[in-house]
Chemist: 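The structure that follows is given in the form of structure tokens.
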There are 2 protein chains.
Amino acid sequence: MSARQVTLAEVAKQAGVSLATASRVLNGSTRQVSEELSERVLRTAEELGYVPNASAQALARNSSSLVGLVVHDITDPYFSCIAAGVTRVAEAAGLSVVLGTTGRRPEREAELLSTLRAHRARAVVLAGSRTTDRAAQSRLATEIDAFTEQGGRVACVSQAKLGTDTVVPGNRAGGRALARALTELGHKKFAVLGGPSELVVARDRLAGFKAGLTDAGIAPPVVVNGAFTRDGGYEAAMELLASKSRATCVFAVTDVMAMGAMAALRERGVRIPEDMSIAGFDDIPTLRDTVPALSTVRLPLEEMGEIAAGLVLDGGGDEARTVRVAGEVVLRASTAHN
Amino acid sequence: MSARQVTLAEVAKQAGVSLATASRVLNGSTRQVSEELSERVLRTAEELGYVPNASAQALARNSSSLVGLVVHDITDPYFSCIAAGVTRVAEAAGLSVVLGTTGRRPEREAELLSTLRAHRARAVVLAGSRTTDRAAQSRLATEIDAFTEQGGRVACVSQAKLGTDTVVPGNRAGGRALARALTELGHKKFAVLGGPSELVVARDRLAGFKAGLTDAGIAPPVVVNGAFTRDGGYEAAMELLASKSRATCVFAVTDVMAMGAMAALRERGVRIPEDMSIAGFDDIPTLRDTVPALSTVRLPLEEMGEIAAGLVLDGGGDEARTVRVAGEVVLRASTAHN
DNA sequence: GCGTGGTTGGAAAGCGCTTTCCAGCGCTGC
DNA sequence: GCAGCGCTGGAAAGCGCTTTCCAACCACGC
């Protein structure tokens, strides 16, 4: 048990070379090492099963091979898709990703960032949606500054405004386009199941949707707010039904919320789409097989994760870059003509 | 830009104490430090925004605050649920989890373990299901040994046999109980959409299911293998339909596969459950709202992640421990009487 | 023959922290 | 009054690696 780890020094000694030479061979430094020594070191390292101590390397180089990824809830397919994109790119670059989950508590974001800073992570992707909570935002901004000061890069998915690289999905444009598509189906009265009002993503989608209705000369929708989860959608839908709204079409700002809403509607005997049309946002792959198939705005989630990771790993200049990705309205069986 | 990081030495100097004292104050060592100095150090650290360098700490202590988590595909809700459990426990213990994804390539598992070893992760949870691929298994076993030799702990979810702590879901028992429940519904001819034959989880579920049928004196099922994914389920179901099987009930060894299969059945005009009953395994939370609701064997996935993390973080003796968690059959609308 | 420049190998100084070891001090007990 | 103890603070030795700096050496050209 606990046979101590093989160190570079042991490899060097065994191979009959100096520490410096061994290091140069095993990490591709700029310096040349003769074919013979190089070969010998490589072989010895292999034989001894040498694995460099990442902490020591990080300390000596003052930069680690860690990339942070902060999400609210890895169980939510929205985040797990983004996570898949981020890890794919990071692993391809030979980096390890450390996953932090906030459980939707804004203050956790700053804490996690601080931990990541302690690890001297070279970059971090913040996928949690920004809130409008002033205190949390300012604490977060401070941490982001500290992190970048220290030489790390930060990218956000959704929501810029923090001076970082950002991948911005077309939340507003998507909501607007969706509204237009739905009005073209003949709907005149709409309801929206919005997320918590402090979440910027939710607000943007809602704002876009309202704008789209206005474009079509249709009255603003009834809005019921709920948590950004399946249960939030369920409850919001129940509330909507209780309110005796005359809406014929409801827009849930998230596919996951839409799932909950559909469950609520079914439970109350409301047929989809005959009695009520419903649409979501995100186009979560895991949910594509639901019946009736959910109309939604497709976002390339994995790709967004890849882009964010790319931004943050590509070195990049001093300027904050912003990549916009468009949402694409896809109408399926959950929305019908009215 | 790049204002160098505040070091312990700076804090010590500023507070007018030695490095040793500062260290003792800021990390809760066993040694006592006078109230006054302690207070002074704490305040200075706060003022300067000191964050300890995790790499340096890891190096000096010869143990890091990292916990590894290896999954096949974080996008698969089975894994993301487990991941949620693991991260919850790890974060509660003040540790950071580094997430590695194999993309279902067995050899990646060993690579990731090696990376984790380089980081001196103090523990790792292997959630990817074991295969029967001999070469990969032996390479993996070697890495696991190396990892534990070095003082790290390893836990597996599903599948023991590797001398590590393990959380074992009742795959076999669950399959068997499900088979019994389905025969009680009156079904006589079954089909199974099995995973790739080298995956132990898939084999166990299938074996249990067969045993259950045997218990009931029913003929063995037709088995069609497919990938352990939604698309795998879709294709396997298509193949099954093409084979003109007379089965009235089909068991997909995974909820995710069942989703694919249901899509295939619907596409071919097969009504569920009137024409064909279908059941899955796992009871993925995200999929609970599908219509018709999927009969399945419920596994407490998040809890399994928590247990695994608990095993691996609780120190634990030298003996490999095994925790069994039972699956619970839940019959819903996707299976009907025959 | 010897200075020059270009290589290659090694010694050693860190990187930021923990922890041992020792010195100093105020007590207690005889 | 003093040996002996328990306690606190600091000096310093690492932890395993990278990287500078220097020495040694080779081949040249004059």
Side-chain angles (χ1 to χ4, degrees), chain A residues 2-42 44-45 48-66 117-122 150-151, chain B residues 2-42 44-45 48-66 117-122 150-151:
Chain A
S2 268
R4 280 259 329 333
Q5 190 59 21
V6 182
T7 94
L8 222 211
E10 294 174 43
V11 174
K13 185 156 150 235
Q14 183 89 2
V17 303
S18 78
L19 203 51
T21 304
S23 169
R24 294 199 265 251
V25 171
L26 295 172
N27 75 355
S29 92
T30 47
R31 287 277 305 261
Q32 284 279 352
V33 175
S34 75
E35 184 64 27
E36 188 203 338
L37 292 193
S38 178
E39 154 75 14
R40 221 154 73 203
V41 170
L42 251 19
T44 330
L48 266 41
Y50 169 74
V51 174
N53 183 319
S55 303
Q57 285 188 314
L59 184 56
R61 294 182 175 150
N62 192 29
S63 104
S64 77
S65 55
L66 262 24
R117 182 153 65 98
H119 283 290
R120 301 300 186 269
R122 75 166 59 174
Q150 183 199 291
Chain B
S2 268
R4 279 259 329 333
Q5 190 61 19
V6 182
T7 98
L8 222 213
E10 293 173 43
V11 175
K13 185 157 152 234
Q14 183 90 1
V17 302
S18 78
L19 203 51
T21 303
S23 169
R24 294 199 264 252
V25 171
L26 296 173
N27 76 354
S29 91
T30 48
R31 287 279 305 264
Q32 285 280 350
V33 175
S34 76
E35 185 62 28
E36 189 204 337
L37 291 194
S38 180
E39 154 74 14
R40 221 155 72 203
V41 171
L42 251 19
T44 325
L48 267 41
Y50 170 72
V51 174
N53 183 321
S55 303
Q57 285 188 315
L59 184 56
R61 293 183 177 149
N62 192 30
S63 101
S64 78
S65 55
L66 263 22
R117 182 153 66 97
H119 283 290
R120 299 301 185 269
R122 72 167 58 176
Q150 181 198 293

Chemist: Taking only side-chain N and O atoms of A:Ser55, does any of them lie within less than 4.0 angstrom of OP1 or OP2 on D:dC17?
Modeler: no
Chemist: Using atom types as modelled and distance alone, determine if a side-chain donor or acceptor of A:Arg122 lies under 3.5 Å from a backbone N or O of A:Ser65.
Modeler: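 Side chain of A:Arg122 to backbone of A:Ser65, a donor-acceptor pair under 3.5 Å: no, none is there.
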Chemist: Are A:Val51 and A:Gln5 packed together at the side-chain level, in the sense that at least one heavy-atom pair is separated by less than 4.5 angstrom?
Modeler: yes
Chemist: Please set out all donor-acceptor pairs under 3.5 angstrom arising from side-chain atoms of residues 16-27 of chain A, sequence neighbours excluded.
Modeler:
unit_1: A:Ser18; atom_1: OG; unit_2: A:Ala20; atom_2: N; d: 3.3
unit_1: A:Ser18; atom_1: OG; unit_2: A:Thr21; atom_2: N; d: 3.2
unit_1: A:Ser18; atom_1: OG; unit_2: A:Thr21; atom_2: OG1; d: 3.1
unit_1: A:Asn27; atom_1: OD1; unit_2: A:Ser29; atom_2: N; d: 3.1

Chemist: To the nearest Å, how far apart are B:Asn53 CG and C:dG16 P?
Modeler: 7 Å
Chemist: Hey, what do you get for CG (B:Asn62) to CD (B:Gln150), rounding to the nearest 0.5 Å?
Modeler: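 Reported value, rounded in 0.5 Å steps: 7.5 Å.
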Chemist: Classify every nucleotide of nucleotides 18-25 of chain C by which part a protein heavy atom approaches to under 4.0 Å, writing B for the base, S for the sugar-phosphate alone and - for neither, in 5'-to-3' order.
Modeler: BBBB----
Chemist: With sequence neighbours left out, what residues match B:Thr44 under side chain to side chain contact (heavy atoms under 4.5 Å, CB included)?
Modeler: B:Val11, B:Gln14, B:Ala15, B:Leu48
Chemist: Report the distance from atom CZ of A:Arg120 to atom P of C:dC15, rounded to the nearest whole Å.
Modeler: 13 Å
Chemist: Going by the rule salt bridge (Lys or Arg N to Asp or Glu O under 4.0 Å), which residues pair with B:Arg117 if we only count those two or more places apart in sequence or in a different chain?
Modeler: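 Testing B:Arg117 for salt bridge (Lys or Arg N to Asp or Glu O under 4.0 Å), a comparison that skips the adjacent residues, returns B:Glu143.
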Chemist: What's the angle between the local helix axes at either end of the helix from C:dG1-D:dC30 to C:dC30-D:dG1, using five pairs per end and rounding to 10 degrees?
Modeler: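 Roughly 60°, once rounded to the nearest ten degrees.
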Chemist: Main chain of B:Arg120, side chain of B:Ser64: is a donor-acceptor contact present, judged purely on distance under 3.5 Å?
Modeler: yes
Chemist: In whole Å, I'd like the distance from the CG atom of A:Leu59 to the P atom of D:dG14.
Modeler: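 Taking atom P of D:dG14 as the reference, CG of A:Leu59 is at 17 Å.
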Chemist: Whole-Å distance between C:dG16 P and A:Arg117 CZ?
Modeler: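 Taking CZ of A:Arg117 and P of C:dG16, I get 14 Å after rounding.
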Chemist: Grab the CD-C1' distance between A:Gln150 and C:dC15 for me, whole Å please.
Modeler: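 Distance check: A:Gln150 CD to C:dC15 C1' gives 14 Å.
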Chemist: Among the candidates D:dT8, D:dG16, C:dT8, find the nucleotide nearest to the side-chain atoms of B:Gln32.
Modeler: D:dT8
Chemist: What pairs of residues pass the salt bridge (charged side-chain N to carboxylate O under 4.0 Å, His left out) test when at least one of them lies in residues 27-40 of chain A, not counting sequence neighbours?
Modeler: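 Listed once each, the pairs are A:Glu36-A:Arg40, A:Glu39-A:Arg43.
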Chemist: Atom CD of B:Glu10 to atom C1' of C:dC15: distance rounded to whole Å?
Modeler: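 It works out to 13 Å between those atoms.
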Chemist: Any side-chain heavy atom of B:Ser55 within less than 4.5 Å of one from B:Leu59?
Modeler: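 A side-chain contact is absent here, since even the closest heavy-atom pair is not under 4.5 Å.
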Chemist: May I have the distance from B:Leu48 (atom CG) to C:dG16 (atom C1'), rounded to whole angstrom?
Modeler: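 Rounding to the nearest Å, CG of B:Leu48 and C1' of C:dG16 are 15 Å apart.
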